[in-house]
Amino acid sequence: MSKTLLTVIIGGLMAGCAPPSAWNMPPVIGAARSGNLGELEKLLAAGADPDVHAGVNGWPPLMHAIHKNQEGSVKVLLAHHANVNATGDGGATPLIMAAGYGYANIVRLLLDAGADPKISADNGQNALQAALSGVPDIDRFTVGHCQTETVKVLLASNRTLKLTPGPWTGTGNVIARFAGCSDVMDMLEKRRTGKN
């Protein structure tokens, strides 16, 4: 491997570890990520865009707040009419992200604010599939975790919500079965057979 290529790879990896200020993110995103609710309120009241997209993943502030498990920031952004179905790069929504991380409380907040659980990301994964599969995020690795409460909240939110056909359906089922998530599998089987 050439020294130049190695420098580019290491630089790219280090950029992902850099603080938000190094990514030229708007202050509203920094406040949302850090949970600085006073600053977030002040910025939004002064006209900051609650739906500005920034960062390496092109996320809106809601997704940045969810990524850092900042429930208070999510509440503030929703109170300031952030688009609950806004997408980042790849078409994931805040609900898909929160479900993948297993943040059941944030999933409830988003659903109460009108998040659509049937929206799928570009890869075909919806919120239910994200909860079932988990995410391999370095900040919160949830693959193989039984996210029972999150699945329960999503299923209760919409009587017709199901796993969509595609690779995520099989992958999520395999992961949940391998992890021994019998409660989750029972809920999904009841939904599949129309018993709930």
Side-chain angles (χ1 to χ4, degrees), residues 12-142 147 150 153-154 157-158 161 164 168:
L13 291 172
M14 293 305 291
C17 298
S21 59
W23 302 329
N24 291 324
M25 282 203 234
V28 69
I29 289 179
R33 287 175 67 90
S34 68
N36 186 341
L37 304 185
E39 181 67 11
L40 184 57
E41 283 279 5
K42 185 175 105 183
L43 290 165
L44 292 166
D49 184 356
D51 295 318
V52 63
H53 287 66
V56 295
N57 295 306
W59 292 338
L62 262 178
M63 292 179 81
H64 283 281
I66 293 164
H67 181 250
K68 293 300 183 181
N69 194 20
Q70 297 293 346
E71 187 175 332
S73 294
V74 171
K75 289 177 182 177
V76 169
L77 288 161
L78 292 174
H80 285 270
H81 309 292
N83 180 354
V84 74
N85 291 312
T87 60
D89 293 352
T93 64
L95 183 61
I96 292 170
M97 176 184 272
Y101 287 146
Y103 296 148
N105 287 344
I106 294 176
V107 166
R108 279 187 196 93
L109 289 172
L110 296 170
L111 289 166
D112 289 347
D116 184 349
K118 291 187 173 184
I119 293 175
S120 294
D122 294 350
N123 63 9
Q125 186 180 46
N126 67 17
L128 183 57
Q129 287 156 315
L132 188 61
S133 298
V135 293
D137 191 312
I138 192 169
D139 293 322
R140 181 160 167 88
F141 188 92
T142 60
Q147 303 187 121
T150 303
V153 169
L154 286 164
S157 75
N158 188 296
L161 181 62
T164 57
W168 286 105

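The figures that follow rest on heavy atoms only: side chains count, while hydrogens, waters and symmetry mates do not.
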Between [X] and [Y], is there a donor-acceptor pair closer than 3.5 Å when you use the side chain of the first and the backbone of the second?
X      : Y      : result
His81  : Pro50  : no
Asn57  : Gly88  : no
Asp51  : Asn83  : yes
Thr142 : Gly134 : no

Interatomic spacing from [atom1] in [X] to [atom2] in [Y] - rounded to 0.5 Å:
X      : Y      : atom1 : atom2 : value
Asp89  : His53  : CG    : NE2   : 8.0 Å
Arg108 : Tyr103 : CZ    : OH    : 15.0 Å
His64  : Ser34  : NE2   : OG    : 12.5 Å

What heavy-atom pair brings [X] and [Y] nearest, and what distance separates the two atoms?
X      : Y      : value
Gln129 : Gly124 : OE1-O, 3.5 Å
Asn85  : Ala115 : OD1-CA, 3.4 Å
Met63  : Ala92  : CE-O, 3.6 Å
Ala54  : Ile29  : CB-CD1, 3.6 Å
Pro61  : Val28  : CG-CG1, 4.3 Å

Decide side-chain contact (heavy atoms from CB on, under 4.5 Å) for Leu95 and Val84; before the verdict, give the C-alpha distance in whole Å, the side-chain angles of both, and the deciding distance to 0.1 Å. CA-CA 8 Å; Leu95 183 61; Val84 74; over 6 Å; no

Given side-chain contact (heavy atoms from CB on, under 4.5 Å), test Asn126 with Ile119 step by step and report yes or no. CA-CA 6 Å; Asn126 67 17; Ile119 293 175; over 6 Å; no

Identified side-chain contact (heavy atoms from CB on, under 4.5 Å) partner of Pro117 from the options Leu128, Val153, Leu111: Leu111

Out of Leu154, Asp112, Ile96, which one pairs with Val107 under the side-chain contact (heavy atoms from CB on, under 4.5 Å) rule? Leu154

Under the side-chain hydrogen bond (donor to acceptor under 3.5 Å, both in side chains) rule, what do Tyr101 and Asp137 come out as? Steps first, then yes or no, please. CA-CA 9 Å; Tyr101 287 146; Asp137 191 312; 2.6 Å; yes

Applying side chain to side chain donor-acceptor pair (under 3.5 Å), name anything that partners Lys75, two or more places apart in sequence or on another chain. none

Considering residues at least two apart in sequence or located in another chain, which fulfil the side chain to side chain donor-acceptor pair (under 3.5 Å) criterion with Asp122? none

Would you tell me whether His80 and Glu41 have side-chain atoms, one donor and one acceptor, within less than 3.5 Å of each other? yes

Taking only residues two or more places apart in sequence, or in another chain, which ones meet Lys42 in a salt bridge (Lys or Arg N to Asp or Glu O under 4.0 Å)? Glu39

With heavy-atom distances below 4.5 Å as the criterion, would you say the side chains of [X] and [Y] are in contact?
X     : Y      : answer
Leu37 : Ser73  : yes
Leu62 : Leu78  : yes
Met97 : Val135 : no
His67 : Arg33  : yes

With side-chain contact (heavy atoms from CB on, under 4.5 Å) as the test, would you mind laying out the steps for Asn69 and Ile106 before giving the verdict? CA-CA 8 Å; Asn69 194 20; Ile106 294 176; 3.7 Å; yes

Mind running side-chain contact (heavy atoms from CB on, under 4.5 Å) on Ile66 and Val74 for me, showing each step along the way? CA-CA 7 Å; Ile66 293 164; Val74 171; 3.8 Å; yes

